[in-house]
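Working notes, structure below.
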Amino acid sequence: MSTIRFKALEQLMNRQAVKVEMPDKKTSEYYAENVFDKSKMKEFLSREAYECVIDSIENGTRIPRRIADQVASGMKAWALGKGATHYTHWFHPLTGSTAEKHDAFFEPNFDSATGIEAFDGGKLAQQEPDASSFPSGGLRNTFEARGYTAWDPSSPAFILEKTLCIPTIFISYTGEALDFKTPLLKATSALNDAAVGVCQYFDKDVTKVVTTLGWEQEYFLVDSALFLARPDLQLTGRTLMGHASAKDQQLDDHYFGTIPSRVSAFMRDFEVEAYRLGIPVKTRHNEVAPNQFECAPVFEEANLAVDHNMLLMDLMKKVARRHNFNVLFHEKPFKGISGSGKHNNFSMATNTGVNLLSPGKNPKSNMQFLVFLACTISAVYEYGDLLRASIATAGNEHRLGATEAPPSIMSVFLGSYLSGILDDIEQRVSDKKMTPDEKTDIKLGIGRIPEILLDNTDRNRTSPFAFTGNRFEFRSAGASANCAAPMTFLCLGVADQLRKFKQKVDAKIDAGVKKDEAIFQELKELIVYSKPVRFDGNGYSREWEKEAERRGLSNPKGAIAALEAFRDPKNIDLCTSAKVFTEREIEARHEIRVENYTKKIQIESRVLGDLATNHIIPTVYKYQNQLIENVRGLKEVLSEADFNEVAELQLETIKDISKRITAIKSMVTEMTEARKHANAIADIFEKARAYSDNVKPYLDSIREHIDHLEMISDNEIWPLPKYRELLFSH
Ligand code: ADP
Ligand code: MG
């Protein structure tokens, strides 16, 4: 009984919560101590440099080299004072994780065997990492492998493990974006332009609108010893086999339950680190599935929120190891129980402090609210397929459309109260000139929208895009996703609808229609136009699928089909006309995702083939031999009649095992053939489809036999930690 599984279980029995060194001060006293934020800038920069950086953060102005030198010198002084030895540009390449390449501040002086700590504006502003190994979708010829990173002053530098990290964008030498941040910055800027234009109808003081994002990160924890005994978890992030545990989430006893002490120590530990890095984590709780948890911060400006999410995921992985845990961000680590998502709470806020998706106190502010609400709804209506594409991955494919996650169809949930208001506007506003009484009537109606709708929006967990009182919550993003992707397309879509709205209202005003009437009429237009995307019912039901089809909503089956939205001329036009992507950049992103899908399935298929062949089959043979020995023994000691009576069941099992082993072997061979076939296809899209259609199904059918064999085999010899062990140990 020396299998790695039992060794792991033995380690587990001796686990204790790791003691966490909590700072002996209040959070507010050490919050953001490792961030070069405004207060540190004030201390370490000249007034001129400080104002220049603030202007760049707020208005996107360029920072001249002379000032960059000053900022670099201030940053260096601060970082060295905190014991930093290295610096790095920190960026989000299209691999989906973060990237960094550290350089020492120290530069030797060869004449005198001494040296200095050097860092200047040039090094702050730009670096040229050899970028040839990052995915580029063919954007960068490999012989022209240079890409460069450029400082993003709107996300403050921070110190992580004695290294000064400078958030940057990452672009090719010819200027194409190779990361998630560049398009997000452009899209939020496009949304700012469009939103300010519309806000001006209501309040001349609005000069800036920022996109706000509050993500909710779900994850699983698995004990490290068990994790190491599961090659599938190690290499693919999910279990490729495993019989269901007799008890999993049926009793709903994990959700919001007491947080286990080892887990709670882990949470406190990473939260302290998060606070030091200025990440405003707020909420922690147990999620639905056993060993599943969630962490959510207070919302922030979208670019910063995305950086913080990427940073936190990194941090969680590192801190988890200290607590003998591995954290799983995979969208579906375990079959048959809930997967992990990352809800994106989205809104827009003005420089005057107004949340544009929050109802106000009077008819005027509510008009503004309704316009932003309607533009967001119609953005989802028009570009839902693009939103769906932005979160389509091999991992998320297991979630979407399954019965515990939002369906593949993009629809908007408003709740009965707001739906009623929109229906009312639809019925009462007409193209004809309205009488003052009619206007007052409508204004009175919308003036009564309760300021806080939170209690009025019945929670509908089946909707992918739900209004939750003062924001929309996009729920389809996977736990491992970079939120920048969905946020980029959402911002682009809303910006597009706001811009068009303003054009039409302006045209009406030019034609002599009164401003409020023009706004009413265009608002009604939007409400009518986007009505098919509104759905408050059960998004998991079969009826909705049929109804959605009737309404003409797209319902792509699987990631590869969803990604086709990147080729739709309407979507390409959206991206290029706002100058957020060139056509080539969109195409590249499509290619990268499709290739990533292929690789993920390829790896899963190889791992499953290996495990089936060298873990499962040999184990099952051993068990089968035990049975055969037993049957032989029975034959010796029993009379023929007795033997025939009792051995039947065992002989059946022996045969069943043989049949299943044969089936597994032949399916592994067929799966390998299917891979070879797919690999020979030159066209990457066709190749991905071949992986999806011809390779992926084997993952399920092979697993079915393995899971059955796990169930009938001797527990003592099973080599891989079982679901009940992975899910109920902490
Ligand atoms: P729930 O589980 O009810 O959805 P959570 O507290 O887990 O609530 O998460 C809500 C998230 O929404 C938080 O990250 C919160 O900061 C965020 N949020 C609240 N208001 C806004 C807003 N105006 N814009 C963006 N995000 C917001
Ligand atoms: Mg939520």
Side-chain angles (χ1 to χ4, degrees), residues 31 184 187-188 191-192 195 199 206 208-219 252 254-257 259 267 271 274-275 278-289 292-313 338 340-360 365 368-369 372-373 375-376 379 404-406 412-415 418 451-477 479 481 483-484 486-488 490-491 494:
Y31 183 71
L184 177 67
T188 51
L191 180 54
N192 171 45
C199 285
V206 173
K208 191 178 175 190
V209 171
V210 297
T211 307
T212 53
L213 165 65
W215 40 263
E216 301 163 51
Q217 180 71 54
E218 293 182 334
Y219 60 95
D252 285 326
H254 186 67
Y255 192 55
F256 283 13
I259 299 174
M267 288 176 171
E271 284 170 4
Y275 287 140
I279 306 173
V281 286
K282 178 96 178 162
T283 312
R284 50 160 110 115
H285 61 79
N286 288 6
E287 258 302 327
V288 172
Q292 192 189 27
F293 306 93
E294 181 180 301
C295 164
V298 174
F299 69 92
E300 299 177 282
E301 185 279 313
N303 176 40
L304 192 58
V306 169
D307 280 1
H308 281 165
N309 179 240
M310 296 306 287
L311 187 53
L312 188 78
M313 287 203 285
S338 294
S340 298
K342 178 149 56 198
H343 295 176
N344 282 207
N345 291 271
F346 158 87
S347 190
M348 294 152 278
T350 67
N351 57 310
T352 55
V354 173
N355 173 358
L356 291 166
L357 289 177
S358 185
S365 55
Q368 178 171 276
F369 158 68
F372 279 88
L373 183 86
C375 283
T376 308
E404 32 88 11
V412 177
F413 169 85
L414 286 184
L418 272 186
E451 220 176 305
I452 300 293
L453 270 173
L454 289 173
D455 301 331
N456 284 295
T457 46
D458 11 317
R459 291 291 176 116
N460 182 331
R461 312 222 313 162
T462 69
S463 175
F465 202 89
F467 186 74
T468 49
N470 57 3
R471 61 188 187 269
F472 273 105
E473 183 168 331
F474 180 48
R475 298 185 175 135
S476 307
C483 309
M487 289 307 281
T488 297
L490 180 57
C491 289
V494 177

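Order of listing sets the numbers, starting from 1, for every ligand and every atom in it. It should be emphasised that the depicted structure is a prediction, and the values quoted were computed from it without experimental measurement.
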Check: Got an N/O contact under 3.5 Å between Leu213 and ligand 1?
Finding: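 Leu213 vs ligand 1: no N/O contact under 3.5 Å.
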Best match, [options]: closest heavy atom to [atom]:
| atom | options | result |
| --- | --- | --- |
| atom 24 (N) of ligand 1 | Asn470, Thr212, Thr211 | Thr212 |
| atom 15 (C) of ligand 1 | Ala296, Cys295, Pro297, Ala305 | Pro297 |
| atom 19 (C) of ligand 1 | Trp215, Phe472, Phe299 | Phe299 |

Is the shortest side-chain heavy-atom distance between [X] and [Y] below 4.5 Å?
| X | Y | value |
| --- | --- | --- |
| Thr468 | Phe413 | no |
| Ser347 | Phe372 | no |
| His308 | Pro280 | yes |

Item checked: Residue part near ligand 1, for Asn345, under 4.0 Å between non-hydrogen atoms ->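 Under 4.0 Å from ligand 1, Asn345 contributes backbone and side-chain atoms.
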Note to self: Using the ring-ring contact (aromatic ring centres under 6.0 Å, His included) criterion, which residues pair with Phe346? Sequence neighbours excluded.
What the structure shows: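 Phe346 satisfies ring-ring contact (aromatic ring centres under 6.0 Å, His included) with no other residue.
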Note to self: Just to verify, what does Thr350 make a side-chain hydrogen bond (donor to acceptor under 3.5 Å, both in side chains) with, not counting sequence neighbours?
What the structure shows: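 Expected list: Thr352.
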Notebook entry, point to check: With under 30° as parallel and over 60° as perpendicular, where do the rings of Phe465 and Phe474 fit, or are they tilted in between?
Noted result: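 Because their plane-to-plane angle lies in the 30° to 60° range, the rings of Phe465 and Phe474 count as tilted.
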Notebook entry, point to check: Does Glu473 come within less than 4.0 angstrom of ligand 1, counting non-hydrogen atoms of the residue?
Noted result: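 Within the 4.0 Å threshold, so yes.
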Margin query: Looking at ligand 1, would Lys282 count as a contact under a 4.0 Å heavy-atom criterion?
Written below: no
Notebook entry, point to check: Counting N and O atoms only, with roles assigned by atom type, does the side chain of Asn355 sit under 3.5 Å from a partner on the main chain of Ala349, one being a donor and the other an acceptor?
Noted result: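 Pair absent, no side-chain N/O of Asn355 close to backbone of Ala349.
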Which of the numbered atoms in ligand 1 are under 4.0 angstrom from any heavy atom belonging to [X]?
| X | answer |
| --- | --- |
| Asn355 | 23 (N) |
| Val298 | 16 (O) |
| Glu294 | 7 (O) |

